[in-house]
Amino acid sequence: IRSPLKRIESHYRHRIVTGFEWRGAEDAIREDPSYVAISRYGSQLEQYLRFFPLEQILILSLERLIAEPDAMLGRLCRFLGIAETPGIPYPRENITRERSSAPLLLRRFSRFSSLRPHVQRASRRLHHTRFGGSTAADEVPFDLGRDTRERLDDVFREDLALLSSIAGESFEDLDRELSARAA
């Protein structure tokens, strides 16, 4: 898992790049509940627990994985019952960051399902040629108003508390991220 707001931002930018999203971030989040639902880890864990015991589920945060890669890999190996291999290099890559999105005019055609395949092909072509004023994914604006951020912070704080109570583990690093972004 990762910071819920960062996950939404990444999801949004990925969908812009792939031609599935055409709206501004605020409208997309308001009109498509999947952005928030996917980031509600506690609610999702509850659903898994209907089919699997908690002992069969390992929850790792991306933030901890980046900060403590050896410790998190060790935890994963112990969970899987395999030998730990210390000293593995951990390159940091973000493939979407390097990809480009189609110009806004072209993205707006994505709202029509019959045109999405054509927009995606055109986006890929524009990405490869860097033609037509395409924008790097990490330059796509992700602007949320204060009210939206506060509402999302409330939703995610409650959900992270649920996740912590179910998992018996603190996810305060993710909660701190909410506070930092809201400020």
Side-chain angles (χ1 to χ4, degrees), residues 1-18 20-21 25-26 28-30 32-99 136-146 148-183:
I1 62 173
R2 68 184 300 191
S3 161
L5 287 173
K6 282 187 177 180
R7 198 219 58 80
I8 288 176
E9 183 175 352
S10 176
H11 183 180
Y12 172 76
R13 286 183 169 156
H14 177 77
R15 290 189 69 183
I16 287 285
V17 165
T18 57
F20 279 102
E21 186 60 76
E26 185 100 25
I29 291 168
R30 183 179 52 252
D32 184 349
S34 71
Y35 282 108
V36 174
I38 295 170
S39 287
R40 294 188 66 205
Y41 308 125
S43 298
Q44 290 184 42
L45 181 59
E46 280 185 320
Q47 299 305 310
Y48 276 94
L49 291 175
R50 293 174 41 208
F51 304 99
F52 303 98
L54 186 59
E55 299 78 39
Q56 291 183 348
I57 299 172
L58 176 65
I59 303 165
L60 299 175
S61 81
L62 177 63
E63 285 75 7
R64 289 182 193 163
L65 182 62
I66 290 169
E68 311 166 39
D70 288 324
M72 291 298 102
L73 181 59
R75 187 171 170 199
L76 175 61
C77 289
R78 288 187 299 280
F79 178 79
L80 295 173
I82 61 176
E84 295 181 40
T85 310
I88 295 176
Y90 306 103
R92 290 190 63 187
E93 290 184 36
N94 185 338
I95 294 169
T96 301
R97 178 173 289 163
E98 268 97 64
R99 292 174 66 188
D138 62 347
E139 294 172 4
V140 172
F142 185 76
D143 300 321
L144 299 179
R146 183 182 190 102
T148 299
R149 281 196 185 269
E150 287 175 359
R151 181 179 58 81
L152 291 174
D153 278 353
D154 290 344
V155 166
F156 294 138
R157 273 204 185 87
E158 183 178 314
D159 189 71
L160 289 172
L162 173 63
L163 177 66
S164 293
S165 72
I166 293 171
E169 181 178 343
S170 170
F171 293 94
E172 63 187 32
D173 55 329
L174 303 182
D175 190 35
R176 269 195 309 275
E177 178 67 29
L178 293 177
S179 302
R181 291 180 69 99

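Side-chain contact check for L144 versus I8: every heavy-atom pair is 4.5 Å or farther apart. Two residues are said to be in side-chain contact when any heavy atoms from C-beta on lie closer than 4.5 Å; P4 and L152 fail this criterion. Residues L174 and F156 fail the side-chain proximity criterion, which asks for heavy atoms closer than 4.5 Å. Residues F142 and L5 fail the side-chain proximity criterion, which asks for heavy atoms closer than 4.5 Å. Annotation: side chain of I59 is not in contact with side chain of Y41 (no heavy-atom distance under 4.5 Å).
Of the inter-residue distances, the one linking L62 atom CG with R64 atom CZ reads 11.5 Å to the nearest 0.5 angstrom. A distance of 8.5 Å separates CZ in R149 from CD1 in I29, rounded to the nearest 0.5 Å. Distance check: S164 OG to L160 CG gives 6.5 Å after rounding to the nearest 0.5 Å. With rounding to the nearest 0.5 angstrom, the CG atom of D32 is 7.0 Å from the CD atom of E21. Note that the CG atom of D143 and the CD atom of E9 stand 9.5 Å from one another [nearest 0.5 Å]. Remark: S165 OG to F171 CZ distance equals 10.5 Å, nearest 0.5 Å.
In this view, R75 and E169 satisfy the side chain to side chain donor-acceptor pair (under 3.5 Å) rule, not counting sequence neighbours. By the side chain to side chain donor-acceptor pair (under 3.5 Å) test, Q44 pairs with no residue at all, sequence neighbours left out.
Heavy-atom contacts from other residues, nucleotides or ligands closer than 6.0 Å to CD of E158 number 12 or fewer.
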Side-chain donor/acceptor pairs under 3.5 Å, residues 46-55, sequence neighbours excluded:
residue: Q47; atom: OE1; partner: R50; partner atom: NH1; Å: 2.6

